[in-house]
Amino acid sequence: MRSESNNLNHKLTGLSDLRESLSDTSYELASLKYALDEAAIVAITDIKGTITYVNKKFCEISKYSPEELIGQNHRIINSGFHPKEFFRKMYRTIGNGKVWRAQIRNRAKDGSIYWVDTTIVPLTNREGKLTRYLAIRFDISEQKKTEEELIKALLDVEQSNSELEQFAYIASHDLQEPLRMIGSYSQLLTRRYKGQLDAKADQYISYITEGVERMQTLIMDLLQYSRTATNKEDLKPVDLNTVMEEVLTDLKVAVEGSHAQIKAGSLPTLKASHTQLRQLFQNLIGNAIKFRGNEAPVIEVRANEEVEQWLFSIKDNGIGIDPEFSERIFMIFQRLNDRDQYPGTGIGLAVCKKIVERHGGKIWIESEAGKGSDFLFTIPKKR
């Protein structure tokens with residue numbers, strides 16, 4: 001009797017342990033279901049695609065009640081956006097017992113559109129037979145909205161670039177032709193009638209000639225600016241030491257005429273546009289020579305390596321600028337000095353800014369009036 005009693009107690013203890021274990025498992029499953037329902041849009045369908053379960057978030061986003069959804073299939077929320085082959089591929093994938101993932105554009109009961117990142121998992125019984133499908137979705141409507149806005153912005157940029165290219169064509173042909181004619185006739189007037197008319201007439205003719213020359217320079221600078229904005233040149237490794245040699249060759253006359261000293265340290269090789277970086281260094285060094293004070297220009301070109309980028313400095317001992325104009329000078333057509341003393345159209349630094357930004361960097365100036373300027377710009381190591 002004692003032995004039978006012990007066996008009975010042992011069995012009862014085992015059943016108690018089993019109930020406790022099942023209770024723990026049920027609790028864990030309930031906790032997992034709660035967490036999933038809080039985070040995701042969940043639906044279960046049978047193997048024919050008929051909805052057998054939806055959670056609260058599914059109803060909230062679709063605007064349908066559980067009663068309106070259960071017994072239906074997912075065509076009830078089909079927006080018509082995806083082609084039929086999109087869903088045929090889905091059914092082939094899950095019908096073969098494989099997990100399927102995609103982003104789907106759905107339509108709610110009120111007609112509003114929403115996007116979901118969807119994962120459909122085939123579920124099987126103990127024998128491995130498909131019994132139902134579990135669909136887990138996450139609302140990505142805001143993300144898709146941001147993507148669409150970004151795409152629109154990129155299209156707007158492409159449209160703007162296209163318009164700039166059209167302008168460049170017009171500027172290089174239609175605008176320059178009448179200027180060439182005016183220039184030719186003003187030169188003809190100068191050669192034929194200079195000294196034969198009064199001093200006022202000679203002065204007026206010189207004004208016309210100078211105006212034509214300034215307009216031609218302005219158009220060429222605008223062309224340069226528009227080409228910088230629309231340039232699609234592939235980025236390749238560029239040795240900036242070679243670029244500096246080319247720039248100093250181009251500026252040889254200006255360097256010798258001003259007795260400028262150019263001190264350049266070792267420069268890196270970067271993935272960039274060779275043409276545009278040459279233009280960038282030439283503009284900045286050329287400006288340092290042009291905007292000089294009473295002393296001969298001393299210009300230092302340096303490159304400092306940082307963690308994710310290179311920091312470049314082109315420092316001079318020139319006339320400098322007041323810090324309140326430090327942003328204005330990078331705007332197109334902005335001049336701070338008298339044209340007669342420092343000729344130019346005010347486009348050069350705007351071109352520099354465009355080049356640096358196209359390479360993913362930033363440009364700025366540190367300067368004080370009468371104390372020289374330090375133009376600094378960055379270019380990322382990885383593009």
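- Lys315 and Glu366 are not joined by a salt bridge, as no carboxylate oxygen comes within less than 4.0 angstrom of a charged side-chain nitrogen.
- A salt bridge does not link Asp117 to Arg101: none of the charged side-chain nitrogens sits closer than 4.0 Å to a carboxylate oxygen.
- In terms of heavy atoms, Phe87 sits closest to His82 at CE1-CB, 3.9 Å.
- With a 4.5 Å cut-off on side-chain heavy atoms, Leu69 and Ser62 count as touching.
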* Give the intermediate values and the outcome of side chain to side chain donor-acceptor pair (under 3.5 Å) for residues Gln279 and Gln282. => CA-CA 5 Å; Gln279 187 178 1; Gln282 185 165 323; over 6 Å; no

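- The backbone N or O of Val42 sits less than 3.5 Å from a side-chain atom of Asn55, completing a donor-acceptor pair.
- Taking a cutoff of 4.0 Å between a charged side-chain nitrogen and a carboxylate oxygen, Glu85 and Arg92 qualify as a salt bridge.
- Note: Phe281 and Phe312 have perpendicular aromatic rings, judged against thresholds of 30 and 60 degrees for the angle between ring planes.
- Between Val116 and Asn106, some side-chain heavy-atom pair lies under the 4.5 Å cut-off.
- Using a 4.5 Å cut-off on side-chain heavy atoms (C-beta onward), Leu270 and Pro237 make no contact.
- Using a distance-only test at 3.5 Å, with no hydrogens or angles considered, no donor-acceptor pair links the side chain of Thr118 to the main chain of Gln103.
- Ile120 CD1 to Thr45 OG1: the interatomic distance, rounded to the nearest 0.5 Å, is 7.5 Å.
- Classification of Glu147 and Lys144 as a salt-bridged pair holds, one side-chain N sitting under 4.0 Å from a carboxylate O.
- In this structure, Glu295 places its CD atom where only 12 or fewer heavy-atom neighbours from other residues, nucleotides or ligands lie under 6.0 Å away.
- Residues Lys381 and Glu305 are paired through a salt bridge, judged by an N-O separation under 4.0 Å between the basic side chain and the carboxylate.
- For the pair Lys63/Ser112, a side-chain contact is recorded, criterion being any heavy-atom separation below 4.5 Å from C-beta on.
- No donor-acceptor distance shorter than 3.5 angstrom exists from the side chain of His259 to the backbone of Val255, with no hydrogens or angles considered.
- Between Ile321 and Phe291, the closest side-chain pair of non-hydrogen atoms is not below 4.5 Å.
- Taking both residues in full, the closest heavy atoms of Phe377 and Ile314 are given as CE2-CD1, 4.4 Å, listed atom of the first, atom of the second, then distance.
- Proximity of Gln72 to Thr50: side-chain heavy atoms (C-beta onward) are nowhere separated by under 4.5 Å.
- Put simply, CG on Leu134 and OG1 on Thr119 are 9.5 Å apart, with the number rounded to the nearest 0.5 Å.
- Remark: Val298 pairs with Gln261, Lys263, Asn317 by the side-chain contact (heavy atoms from CB on, under 4.5 Å) rule, at least two apart or across chains.
- The backbone N or O of Ile289 sits less than 3.5 Å from a side-chain atom of Arg292, completing a donor-acceptor pair.
- Using a 4.0 Å cut-off between charged side-chain N and carboxylate O, Glu357 and Lys353 make a salt bridge.
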* **Evaluation steps, side-chain contact (heavy atoms from CB on, under 4.5 Å), between Val238 and Thr269** => CA-CA 5 Å; Val238 176; Thr269 295; 5.7 Å; no

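- With a 4.5 Å cut-off on side-chain heavy atoms, Met244 and Ile285 count as touching.
- Around the CZ atom of Arg105, the shell of radius 6.0 Å holds more than 12 heavy atoms that belong to other residues, nucleotides or ligands.
- Cys59 and Ser65 get closest at one heavy-atom pair: SG-C, 4.0 Å.
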